[in-house]
Undergrad: 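Here's a structure for you.
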Amino acid sequence: MRGHWVRVHRCAGLALTLFLFTAGLTGSIIAFHPELDAWLNPDWFETGHAHPPLPVQQLVDRLQAADHRLRVVYVPLDTEPGRAARVQVEARTASPDGDQASLGFNEMFVDPSNAAVLGRRQWGSCCLGRRQFVPFLYVLHHSLHLPGESGRLLMGTVALVWVFDCVVGLYLTFPRPGNRSLAAAAPSSAEQRVSQPHDRRRIATDWLLRWRKAWTIKRGAAGTRINWDLHRALGLWFWVLLIGMAVSGVSLNLQDEVFEPVVSWFFSVTPSPFDEREAILAGDAREPGISFADAIDAAGAEAHRRGWQDTPNGTFYNASFAIYGVHFGAENGLGLGPAYVYIDAADGSVLGTHRPGEGSFGDLVADIQFPLHSGRIAGLPGRLAIAATGIAVAVLSITGVVIWLAKRRVRSAQTPAPNGAGR
């Protein structure tokens, strides 16, 4: 049986190697993507002065008046003095194939005091110049830049197989039951049966002592042995984070296809306003009946009614669903993330709210996935842990291939040569 699981682990590991190596390295970098992006592009992120910002609706109106092709779909409300506002936009009219990238950009860096545009870019477009470096790596990590939904589905499948392989890999680190332990576990007389609890404790202690070796790297050993020890020990040291990354990877890439149906099977999950109304075709996207400012006021009143102490930190408009969302608390802050109030863009009525950590256990399981995957759940220490985990994934991928190649060479050397070979 153990040999069967060894073959399963080997096949799964080899199939996932390239994907996990790529995801590990890119993930370790984008754990700090806001800071890295700002460091690479200071002229886009900094305004050079600390003038007071325009009212949000005036900022939106100026941007849309300056370029009638675009619709503003996200505005931050917590921009620090001297910092640019990262505004997200989309084309008002989709291209014939439904592509909303017809503007050539979907992100603008704006001076919030006068609506001056400092820079524009299409998030994730090619390639590794300083303007695109971070977004390019972000999309590479998420979907390998494959067209349509294929990359998301592929990386979600990789994460799903990885969950299973993490469990198999953990099992393979367990020591085989020794003959001495089996003999001690089989009493041959009434006296031995009386001492059975003591024997079981001794067997468990012996097993744990032997398993402890799996966590270590033998000093002074040959390179092949060190590579093997590193692969096994690194997998154990990071196992909790590894399976956490795998499960959250399934959540982020296969939310509707796998994660939510599985979670809903065991626990109740509160539907969002987006689940309760049909999406509109991109070409028929609705113009809002109320403004951003109206939506913020309505959301603020609802937050106050619920006793929320946070101030609005950002607002988005989803034209396909005709819904405004206003979040309270920093979007990338410590913990489970900000709370949201959802507003009907037609009449300003409250469609619902979501405060991470509240609701059913199924809601909590869903809420924790992105904060865990990004490390933001624990602030800077969490992001450092995620960066280290990404490097560990890359190292595990390489050491796994090295182990396979070494065993393959051994098997090839042990294979008898055909009759007459070498004559």
Side-chain angles (χ1 to χ4, degrees), residues 1-29 31 141 155 157-182 202-249 384-417:
M1 177 61 74
R2 187 182 181 90
H4 166 74
W5 291 117
V6 168
R7 289 189 291 273
V8 168
H9 183 61
R10 181 190 306 137
C11 292
L14 289 173
L16 301 180
T17 293
L18 183 59
F19 302 113
L20 292 185
F21 180 81
T22 302
L25 283 186
T26 54
S28 66
I29 296 172
H141 177 81
M155 292 303 284
T157 303
V158 166
L160 194 60
V161 176
W162 189 23
V163 172
F164 175 72
D165 195 42
C166 282
V167 176
V168 173
L170 177 65
Y171 163 73
L172 293 177
T173 68
F174 296 157
R176 291 184 175 91
N179 292 332
R180 290 178 302 151
S181 299
L182 292 174
R202 181 166 58 83
I203 293 168
T205 300
D206 176 66
W207 185 89
L208 287 172
L209 287 173
R210 287 187 291 138
W211 190 43
R212 186 174 65 179
K213 296 180 181 178
W215 295 74
T216 62
I217 299 173
K218 186 176 182 180
R219 296 181 181 179
T224 302
R225 173 60 187 272
I226 290 177
N227 183 81
W228 165 257
D229 285 351
L230 181 61
H231 184 79
R232 183 177 58 180
L234 202 61
L236 284 171
W237 297 339
F238 283 89
W239 191 83
V240 171
L241 286 171
L242 291 173
I243 198 165
M245 293 301 96
V247 172
S248 56
L384 288 170
I386 293 304
T389 303
I391 295 172
V393 170
V395 173
L396 286 168
S397 302
I398 295 171
T399 53
V401 171
V402 172
I403 290 170
W404 172 71
L405 289 173
K407 290 187 174 182
R408 190 164 180 254
R409 284 194 298 267
V410 171
R411 287 194 298 269
S412 298
Q414 292 174 344
T415 302

Undergrad: Anything under 3.5 Å between a donor and an acceptor, one on a side chain of residues 227-236, the other on a protein residue two or more places apart or in another chain? List them.
TA:
from: Asn227; atom 1: ND2; to: Thr399; atom 2: O; distance (Å): 3.1
from: Asp229; atom 1: OD1; to: Arg225; atom 2: NE; distance (Å): 3.0
from: Asp229; atom 1: OD1; to: Arg232; atom 2: NH2; distance (Å): 3.4
from: Asp229; atom 1: OD2; to: Lys218; atom 2: N; distance (Å): 3.0
from: Asp229; atom 1: OD2; to: Arg225; atom 2: NE; distance (Å): 3.1
from: His231; atom 1: ND1; to: Leu396; atom 2: O; distance (Å): 3.3
from: His231; atom 1: ND1; to: Thr399; atom 2: OG1; distance (Å): 2.8
from: His231; atom 1: ND1; to: Gly400; atom 2: N; distance (Å): 3.4

Undergrad: What residues form a side-chain contact (heavy atoms from CB on, under 4.5 Å) with Ala246, not counting sequence neighbours?
TA: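 With neighbours one apart ignored, the set is Trp162, Val163.
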
Undergrad: Assess whether atom CZ of Arg2 is packed by more than 12 heavy atoms of other residues, nucleotides or ligands within 6.0 Å.
TA: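 For Arg2, atom CZ is crowded (more than 12 foreign heavy atoms under 6.0 Å).
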
Undergrad: Of the non-hydrogen atoms in Ala159 and Gly249, which two are nearest, and what is the gap between them?
TA: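 Looks like CB-C, 3.7 Å.
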
Undergrad: For residues 3-27, please give each side-chain donor-acceptor pair under 3.5 Å, one per line with the distance, not counting sequence neighbours.
TA:
from: His9; atom 1: ND1; to: Asp165; atom 2: OD1; distance (Å): 2.8
from: Thr17; atom 1: OG1; to: Gly13; atom 2: O; distance (Å): 2.6
from: Thr22; atom 1: OG1; to: Leu18; atom 2: O; distance (Å): 2.9
from: Thr26; atom 1: OG1; to: Thr22; atom 2: O; distance (Å): 2.7
from: Thr26; atom 1: OG1; to: Ala23; atom 2: O; distance (Å): 3.2
from: Thr26; atom 1: OG1; to: His141; atom 2: ND1; distance (Å): 3.0

Undergrad: Just jot down the ring-ring contact (aromatic ring centres under 6.0 Å, His included) partners of Trp404, sequence neighbours excluded, or say none.
TA: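 Trp404 satisfies ring-ring contact (aromatic ring centres under 6.0 Å, His included) with no residue once adjacent residues are dropped.
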
Undergrad: Would you compute the distance between atom CH2 of Trp207 and atom OG1 of Thr205 and round it to the nearest 0.5 angstrom?
TA: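 Reported value, rounded in 0.5 Å steps: 11.5 Å.
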
Undergrad: With sequence neighbours excluded, give me every salt bridge (charged side-chain N to carboxylate O under 4.0 Å, His left out) pair touching residues 387-396.
TA: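 Salt bridge (charged side-chain N to carboxylate O under 4.0 Å, His left out) check on residues 387-396 returns no pairs.
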
Undergrad: Indicate yes or no for a side-chain donor-acceptor contact from Trp237 to the backbone of Trp215 under 3.5 Å, with no hydrogens or angles considered.
TA: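 Yes; at least one donor-acceptor contact below 3.5 Å.
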
Undergrad: Nearest 0.5 Å, what's the CD1-CZ distance between Ile243 and Phe164?
TA: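 So the CD1 of Ile243 and the CZ of Phe164 are separated by 11.5 Å.
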
Undergrad: If you take all heavy atoms of Thr173 and Ala214, which pair is closest and at what distance?
TA: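 That closest heavy-atom pairing would be O-CB, 3.9 Å.
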
Undergrad: Show the nearest heavy-atom pair for residues Ala387 and Ser28, with the distance to one decimal.
TA: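 Closest heavy-atom pair between Ala387 and Ser28: O-CB, 3.2 Å.
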
Undergrad: Who passes side-chain hydrogen bond (donor to acceptor under 3.5 Å, both in side chains) against Thr216, sequence neighbours left out?
TA: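 Testing Thr216 for side-chain hydrogen bond (donor to acceptor under 3.5 Å, both in side chains), a comparison that skips the adjacent residues, returns none.
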
Undergrad: So, Asp206 and Arg202, do they make that salt bridge, N to O below 4.0 Å?
TA: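 No, Asp206 and Arg202 are not salt-bridged.
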
